[in-house]
Enquirer: 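Pasting in a structure now, in C-alpha coordinates, and then I'll have a few things to ask.
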Amino acid sequence: MPSIIVHGGAGAAVADADEFRPGMRAAVSAGWAVLAGGGRALDAVEAAVRSLEDDERFNAGRGAVLTEDGTVEMDASIMEGDRLGCGAVGAVSRVANPITLARRVLDDSRHVLLVAHGAHAFARAAGLPECDPASLITERQRRRLAERRAATPGNTPSRTPGGARSGTLPGTVGATALDRHGTVAAATSTGGMLGKRPGRVGDSALIGCGTYADSSLGGVSCTGDGEAIIRVVLARRALEYLKEADDPDYAAKVSVDLLVEEGRGEGGLIVVDWRGRIGYAHSTPLMPVGWMTPTLGEPALPF
Ligand code: ASP
(Lines give C-alpha, C1' and ligand atoms only; values in the text may rest on other atoms or scores of the structure.)
Protein backbone atom coordinates (compact mmCIF):
# COMPACT_ATOMS: atom_id res chain seq x y z
CA MET A 1 0.00 0.00 0.00
CA PRO A 2 1.65 3.27 -1.08
CA SER A 3 2.24 5.92 1.56
CA ILE A 4 4.34 9.00 2.20
CA ILE A 5 5.37 10.90 5.32
CA VAL A 6 7.07 14.30 5.28
CA HIS A 7 8.74 16.35 8.04
CA GLY A 8 9.52 20.05 8.35
CA GLY A 9 12.35 19.86 10.89
CA ALA A 10 12.72 19.43 14.64
CA GLY A 11 13.00 22.54 16.74
CA ALA A 12 11.68 24.85 19.39
CA ALA A 13 8.00 25.66 19.62
CA VAL A 14 7.03 28.70 17.56
CA ALA A 15 4.19 31.06 18.30
CA ASP A 16 2.48 30.20 15.04
CA ALA A 17 3.09 26.57 14.04
CA ASP A 18 0.28 27.05 11.52
CA GLU A 19 2.71 28.91 9.28
CA PHE A 20 4.16 25.51 8.35
CA ARG A 21 0.79 23.96 7.48
CA PRO A 22 0.33 25.12 3.86
CA GLY A 23 3.87 24.07 2.96
CA MET A 24 3.50 20.68 4.59
CA ARG A 25 0.16 20.08 2.89
CA ALA A 26 1.62 21.06 -0.50
CA ALA A 27 4.64 18.78 -0.02
CA VAL A 28 2.57 15.73 0.98
CA SER A 29 0.24 16.38 -1.95
CA ALA A 30 3.14 16.72 -4.41
CA GLY A 31 4.57 13.39 -3.27
CA TRP A 32 1.20 11.70 -3.12
CA ALA A 33 0.33 12.81 -6.68
CA VAL A 34 3.32 10.79 -7.88
CA LEU A 35 2.41 7.71 -5.81
CA ALA A 36 -1.30 7.80 -6.61
CA GLY A 37 -0.45 7.91 -10.31
CA GLY A 38 1.54 4.69 -9.94
CA GLY A 39 4.86 6.56 -9.91
CA ARG A 40 8.09 5.77 -8.11
CA ALA A 41 8.83 6.43 -4.44
CA LEU A 42 12.09 8.09 -5.50
CA ASP A 43 10.19 10.64 -7.62
CA ALA A 44 7.65 11.13 -4.82
CA VAL A 45 10.21 12.01 -2.14
CA GLU A 46 12.10 14.27 -4.53
CA ALA A 47 8.86 16.10 -5.43
CA ALA A 48 7.88 16.50 -1.76
CA VAL A 49 11.29 17.83 -0.74
CA ARG A 50 11.54 20.13 -3.76
CA SER A 51 8.25 21.72 -2.86
CA LEU A 52 9.58 22.51 0.64
CA GLU A 53 12.90 23.78 -0.76
CA ASP A 54 10.84 26.23 -2.81
CA ASP A 55 8.97 27.42 0.29
CA GLU A 56 11.10 30.01 2.06
CA ARG A 57 9.57 29.28 5.46
CA PHE A 58 11.68 26.12 5.60
CA ASN A 59 15.42 25.79 6.17
CA ALA A 60 16.17 24.30 2.74
CA GLY A 61 16.67 25.88 -0.68
CA ARG A 62 15.67 29.56 -0.60
CA GLY A 63 15.19 30.50 3.05
CA ALA A 64 18.05 28.29 4.30
CA VAL A 65 19.81 29.43 7.47
CA LEU A 66 23.07 31.36 7.11
CA THR A 67 26.62 30.42 8.08
CA GLU A 68 28.61 32.60 10.47
CA ASP A 69 29.87 34.43 7.37
CA GLY A 70 26.33 35.20 6.21
CA THR A 71 26.42 32.75 3.30
CA VAL A 72 24.18 29.78 2.40
CA GLU A 73 25.63 26.24 2.34
CA MET A 74 23.12 23.45 1.85
CA ASP A 75 23.24 19.66 2.29
CA ALA A 76 20.90 17.06 0.77
CA SER A 77 20.68 13.31 0.22
CA ILE A 78 18.34 10.83 -1.42
CA MET A 79 18.21 7.04 -1.44
CA GLU A 80 16.29 4.30 -3.22
CA GLY A 81 15.90 1.10 -1.27
CA ASP A 82 15.81 -1.64 -3.93
CA ARG A 83 19.43 -1.47 -4.94
CA LEU A 84 20.63 0.87 -2.18
CA GLY A 85 21.20 3.60 -4.77
CA CYS A 86 22.17 6.87 -3.15
CA GLY A 87 23.17 10.40 -4.04
CA ALA A 88 24.15 13.33 -1.85
CA VAL A 89 25.58 16.84 -1.93
CA GLY A 90 27.24 18.94 0.78
CA ALA A 91 27.95 22.65 1.17
CA VAL A 92 26.27 23.69 -2.09
CA SER A 93 25.16 27.24 -2.73
CA ARG A 94 24.53 27.58 -6.46
CA VAL A 95 21.42 25.42 -6.93
CA ALA A 96 17.89 26.24 -5.84
CA ASN A 97 17.01 22.56 -5.35
CA PRO A 98 19.86 20.60 -3.77
CA ILE A 99 17.68 17.47 -3.61
CA THR A 100 17.48 17.39 -7.40
CA LEU A 101 21.26 17.72 -7.59
CA ALA A 102 21.54 14.80 -5.13
CA ARG A 103 19.17 12.84 -7.36
CA ARG A 104 21.41 13.51 -10.35
CA VAL A 105 24.39 12.27 -8.36
CA LEU A 106 22.40 9.07 -7.75
CA ASP A 107 21.29 8.71 -11.37
CA ASP A 108 24.19 10.05 -13.40
CA SER A 109 27.43 9.73 -11.47
CA ARG A 110 29.59 6.92 -10.18
CA HIS A 111 29.84 8.61 -6.79
CA VAL A 112 27.60 8.97 -3.75
CA LEU A 113 28.60 12.36 -2.30
CA LEU A 114 29.84 15.51 -4.03
CA VAL A 115 30.59 18.74 -2.17
CA ALA A 116 31.06 22.46 -2.82
CA HIS A 117 32.93 23.35 -6.05
CA GLY A 118 32.93 19.79 -7.34
CA ALA A 119 29.19 19.53 -6.81
CA HIS A 120 28.66 22.85 -8.63
CA ALA A 121 30.79 21.68 -11.55
CA PHE A 122 28.77 18.45 -11.70
CA ALA A 123 25.51 20.46 -11.63
CA ARG A 124 26.71 22.54 -14.58
CA ALA A 125 27.77 19.45 -16.53
CA ALA A 126 24.40 17.84 -15.74
CA GLY A 127 22.62 20.90 -17.14
CA LEU A 128 20.93 21.92 -13.90
CA PRO A 129 20.13 25.63 -13.74
CA GLU A 130 22.67 27.58 -11.71
CA CYS A 131 21.39 30.21 -9.30
CA ASP A 132 22.96 33.25 -7.70
CA PRO A 133 23.68 32.26 -4.06
CA ALA A 134 22.39 35.68 -2.97
CA SER A 135 18.95 34.75 -4.36
CA LEU A 136 18.66 32.03 -1.68
CA ILE A 137 19.11 34.49 1.20
CA THR A 138 15.97 35.87 2.79
CA GLU A 139 15.57 38.91 4.99
CA ARG A 140 14.24 36.72 7.75
CA GLN A 141 17.42 34.63 7.83
CA ARG A 142 19.61 37.76 7.71
CA ARG A 143 17.76 39.00 10.77
CA ARG A 144 18.12 35.67 12.58
CA LEU A 145 21.87 35.66 12.02
CA ALA A 146 22.13 39.24 13.27
CA GLU A 147 20.13 38.30 16.38
CA ARG A 148 22.33 35.30 16.98
CA ARG A 149 25.49 37.38 16.60
CA ALA A 150 24.16 39.88 19.09
CA ALA A 151 23.21 37.14 21.55
CA THR A 152 26.46 35.16 21.23
CA PRO A 153 29.42 37.53 20.99
CA GLY A 154 32.49 35.65 19.75
CA ASN A 155 30.13 33.16 18.09
CA THR A 156 30.04 30.67 20.93
CA PRO A 157 27.87 27.74 19.89
CA SER A 158 24.22 28.23 20.82
CA ARG A 159 23.70 24.52 21.28
CA THR A 160 25.27 22.84 24.22
CA PRO A 161 25.46 19.06 23.97
CA GLY A 162 22.23 17.70 25.35
CA GLY A 163 20.63 21.13 25.16
CA ALA A 164 17.04 21.51 24.11
CA ARG A 165 17.65 23.21 20.75
CA SER A 166 15.96 26.14 22.39
CA GLY A 167 17.27 28.63 19.86
CA THR A 168 16.72 26.33 16.89
CA LEU A 169 13.59 26.65 14.83
CA PRO A 170 12.10 23.83 12.75
CA GLY A 171 12.80 23.96 9.03
CA THR A 172 14.98 21.12 7.73
CA VAL A 173 12.85 19.00 5.41
CA GLY A 174 12.58 15.32 4.56
CA ALA A 175 10.30 12.64 3.17
CA THR A 176 10.09 8.88 2.95
CA ALA A 177 7.66 6.86 0.86
CA LEU A 178 6.63 3.40 -0.30
CA ASP A 179 5.31 3.00 -3.85
CA ARG A 180 2.98 0.48 -5.46
CA HIS A 181 5.92 -1.55 -6.70
CA GLY A 182 7.18 -2.14 -3.15
CA THR A 183 10.12 0.26 -3.43
CA VAL A 184 10.99 2.52 -0.49
CA ALA A 185 12.83 5.85 -0.89
CA ALA A 186 13.92 8.63 1.46
CA ALA A 187 15.22 12.18 1.03
CA THR A 188 16.43 15.02 3.28
CA SER A 189 17.46 18.64 2.56
CA THR A 190 18.72 21.44 4.81
CA GLY A 191 20.67 24.65 5.17
CA GLY A 192 22.18 23.08 8.29
CA MET A 193 22.54 24.95 11.56
CA LEU A 194 22.33 28.71 11.94
CA GLY A 195 25.74 30.34 12.33
CA LYS A 196 27.65 27.17 11.40
CA ARG A 197 31.25 27.38 10.36
CA PRO A 198 31.63 27.49 6.56
CA GLY A 199 32.57 24.04 5.31
CA ARG A 200 30.63 22.24 8.01
CA VAL A 201 28.66 19.34 6.52
CA GLY A 202 25.94 17.74 8.61
CA ASP A 203 23.95 14.54 8.78
CA SER A 204 21.55 15.53 5.99
CA ALA A 205 24.29 14.92 3.42
CA LEU A 206 25.32 11.61 4.93
CA ILE A 207 23.69 8.35 3.92
CA GLY A 208 22.96 6.26 7.01
CA CYS A 209 22.89 9.34 9.24
CA GLY A 210 20.24 11.75 7.93
CA THR A 211 18.73 9.47 5.29
CA TYR A 212 18.40 5.75 4.62
CA ALA A 213 16.14 3.43 2.62
CA ASP A 214 16.07 -0.34 2.26
CA SER A 215 12.98 -1.72 0.53
CA SER A 216 13.07 -4.89 2.64
CA LEU A 217 12.77 -2.82 5.84
CA GLY A 218 11.71 0.80 5.27
CA GLY A 219 12.90 4.38 4.88
CA VAL A 220 13.99 7.11 7.31
CA SER A 221 14.68 10.86 7.23
CA CYS A 222 16.16 12.56 10.31
CA THR A 223 16.39 16.11 11.63
CA GLY A 224 18.03 17.69 14.64
CA ASP A 225 21.53 18.17 15.97
CA GLY A 226 23.55 16.95 13.02
CA GLU A 227 26.70 16.13 14.96
CA ALA A 228 24.69 13.96 17.37
CA ILE A 229 22.83 12.24 14.53
CA ILE A 230 26.15 11.43 12.87
CA ARG A 231 27.58 10.05 16.12
CA VAL A 232 24.86 7.39 16.34
CA VAL A 233 24.31 6.84 12.56
CA LEU A 234 20.68 7.44 13.29
CA ALA A 235 18.80 6.61 10.07
CA ARG A 236 20.40 3.21 9.64
CA ARG A 237 20.03 2.40 13.32
CA ALA A 238 16.33 3.24 13.13
CA LEU A 239 15.89 0.52 10.51
CA GLU A 240 17.60 -1.97 12.80
CA TYR A 241 15.05 -1.13 15.50
CA LEU A 242 12.31 -1.50 12.91
CA LYS A 243 13.59 -4.93 11.98
CA GLU A 244 13.58 -6.01 15.64
CA ALA A 245 10.20 -4.63 16.63
CA ASP A 246 8.24 -4.51 13.33
CA ASP A 247 6.62 -1.28 14.53
CA PRO A 248 7.54 2.04 12.84
CA ASP A 249 6.30 4.25 15.66
CA TYR A 250 8.21 2.26 18.25
CA ALA A 251 11.34 2.26 16.06
CA ALA A 252 11.09 6.06 15.79
CA LYS A 253 10.71 6.49 19.55
CA VAL A 254 13.62 4.23 20.44
CA SER A 255 15.75 6.02 17.85
CA VAL A 256 15.04 9.38 19.48
CA ASP A 257 16.06 7.88 22.84
CA LEU A 258 19.31 6.76 21.22
CA LEU A 259 19.87 10.27 19.82
CA VAL A 260 19.30 11.89 23.19
CA GLU A 261 21.11 9.38 25.41
CA GLU A 262 24.05 8.20 23.30
CA GLY A 263 24.20 11.00 20.74
CA ARG A 264 23.76 13.72 23.39
CA GLY A 265 21.57 15.75 21.08
CA GLU A 266 17.98 16.55 20.21
CA GLY A 267 15.92 15.91 17.11
CA GLY A 268 13.41 13.68 15.41
CA LEU A 269 12.76 11.35 12.51
CA ILE A 270 10.09 9.92 10.24
CA VAL A 271 9.81 6.27 9.23
CA VAL A 272 7.86 4.32 6.63
CA ASP A 273 8.06 0.54 6.66
CA TRP A 274 7.99 -1.93 3.75
CA ARG A 275 4.23 -2.34 4.24
CA GLY A 276 3.54 1.40 4.11
CA ARG A 277 2.95 1.90 7.83
CA ILE A 278 4.32 5.18 9.12
CA GLY A 279 5.90 6.35 12.37
CA TYR A 280 7.58 9.44 13.75
CA ALA A 281 9.00 10.81 16.98
CA HIS A 282 10.89 13.88 18.21
CA SER A 283 12.48 15.07 21.42
CA THR A 284 11.98 18.75 20.56
CA PRO A 285 8.78 20.66 21.27
CA LEU A 286 7.86 20.86 17.58
CA MET A 287 8.38 18.84 14.40
CA PRO A 288 5.87 19.54 11.63
CA VAL A 289 4.81 16.23 9.99
CA GLY A 290 2.28 15.26 7.39
CA TRP A 291 1.36 12.02 5.69
CA MET A 292 -0.96 10.44 3.19
CA THR A 293 -2.15 6.88 2.65
CA PRO A 294 -4.90 5.42 0.42
CA THR A 295 -7.29 5.28 3.36
CA LEU A 296 -7.12 9.05 4.00
CA GLY A 297 -9.16 11.55 2.02
CA GLU A 298 -6.58 14.29 2.51
CA PRO A 299 -3.15 14.69 4.14
CA ALA A 300 -2.97 14.21 7.92
CA LEU A 301 -1.09 17.13 9.51
CA PRO A 302 -1.04 16.40 13.25
CA PHE A 303 1.12 19.18 14.65
N1 ASP B 1 20.23 18.05 10.93
C2 ASP B 1 20.49 19.34 10.33
C3 ASP B 1 21.97 19.62 10.40
O4 ASP B 1 22.53 19.47 11.46
C5 ASP B 1 19.75 20.47 10.97
C6 ASP B 1 18.32 20.25 11.36
O7 ASP B 1 17.76 19.18 11.11
O8 ASP B 1 17.71 21.19 11.89
O9 ASP B 1 22.52 20.05 9.43
Side-chain angles (χ1 to χ4, degrees), residues 6-14 20 24 49 52-53 57-61 63-68 71-78 88-93 98-99 102 113 115-116 141 144-145 148 157-176 186-212 220-238 252 255-256 258-260 263-270 280-289 303:
V6 176
H7 73 76
V14 294
F20 297 115
M24 294 301 293
V49 167
L52 292 168
E53 287 176 337
R57 275 166 295 214
F58 293 86
N59 172 19
V65 298
L66 304 183
T67 68
E68 65 183 18
T71 53
V72 165
E73 292 189 1
M74 302 169 293
D75 300 336
S77 56
I78 189 164
V89 293
V92 296
S93 56
I99 200 63
L113 171 61
V115 302
Q141 293 299 351
R144 285 189 61 208
L145 181 64
R148 182 178 184 282
S158 62
R159 280 184 208 163
T160 47
R165 276 173 82 80
S166 51
T168 306
L169 299 178
T172 287
V173 305
T176 182
T188 311
S189 182
T190 188
M193 50 194 286
L194 173 64
K196 68 186 179 182
R197 197 185 174 93
R200 179 264 190 186
V201 172
D203 62 296
S204 309
L206 302 181
I207 297 297
C209 300
T211 305
Y212 205 80
V220 178
S221 170
C222 302
T223 168
D225 294 319
E227 283 69 11
I229 294 171
I230 293 168
R231 268 196 281 280
V232 297
V233 198
L234 190 61
R236 185 68 188 91
R237 292 283 286 278
S255 301
V256 165
L258 174 76
L259 175 65
V260 172
R264 305 185 306 281
E266 304 282 339
L269 71 161
I270 53 172
Y280 68 98
H282 48 105
S283 64
T284 52
L286 179 63
M287 182 177 80
V289 288
F303 62 89

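Remember, it's a predicted structure, so these values are computed and weren't measured experimentally. For ligands, and for the atoms within them, numbers begin at 1 and follow the listed sequence.
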Enquirer: For atom 7 (O) of ligand 1, which of the options T223, L206, V65, L169 provides the nearest non-hydrogen atom?
Expert: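 Among T223, L206, V65, L169, the closest heavy atom to atom 7 (O) of ligand 1 comes from T223.
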Enquirer: Test side-chain hydrogen bond (donor to acceptor under 3.5 Å, both in side chains) on E73 and S93 and set out the steps.
Expert: CA-CA 5 Å; E73 292 189 1; S93 56; over 6 Å; no
Enquirer: Taking both backbone and side-chain atoms of D203, is any N or O found less than 3.5 Å from an N or O belonging to ligand 1?
Expert: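 Yes; the residue has a nitrogen or oxygen that sits under 3.5 Å from a nitrogen or oxygen of the ligand.
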Enquirer: Show which atoms of ligand 1 fall inside a sub-4.0 Å distance from at least one heavy-atom site of G226.
Expert: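 Counting atoms of ligand 1 from 1, those under 4.0 Å from G226 are 4 (O).
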Enquirer: Any donor-acceptor pair under 3.5 Å linking the side-chain atoms of T188 with those of S77?
Expert: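 The criterion, which ignores hydrogens and geometry beyond distance, is not satisfied for T188 and S77.
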Enquirer: Say whether T172 and T190, considering side chains only, have a donor N or O and an acceptor N or O under 3.5 Å apart.
Expert: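 The answer is yes; a qualifying pair exists.
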Enquirer: Can you find an N/O atom of G224 closer than 3.5 Å to an N/O atom of ligand 1?
Expert: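 Such a contact does occur with ligand 1.
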Enquirer: Nearest non-hydrogen contact with atom 9 (O) of ligand 1 belongs to which option: H7, K196, R200, M287?
Expert: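 The option holding the nearest heavy atom is R200.
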Enquirer: State whether a side-chain donor-acceptor pair under 3.5 Å links E53 with S189.
Expert: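 Yes.
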Enquirer: Is there any N or O on G202 that sits under 3.5 Å from an N or O of ligand 1?
Expert: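 No.
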Enquirer: Side chains of R264 and R231: does their closest heavy-atom pair fall under 4.5 Å?
Expert: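 In contact.
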Enquirer: Roughly how far, to the nearest 0.5 Å, is the CE atom of M287 from the OG1 atom of T223?
Expert: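 Taking OG1 in T223 and CE in M287, the distance rounds to 7.5 Å.
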Enquirer: Polar contacts were defined as any N/O atom of the residue lying under 3.5 Å from an N/O atom of the ligand; does this apply to T172 and ligand 1?
Expert: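 Between T172 and ligand 1, an N or O pair is found under 3.5 Å apart.
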Enquirer: Any N or O on E227 sitting closer than 3.5 Å to an N or O of ligand 1?
Expert: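 Checking ligand 1 against E227, no N or O pair falls under 3.5 Å apart.
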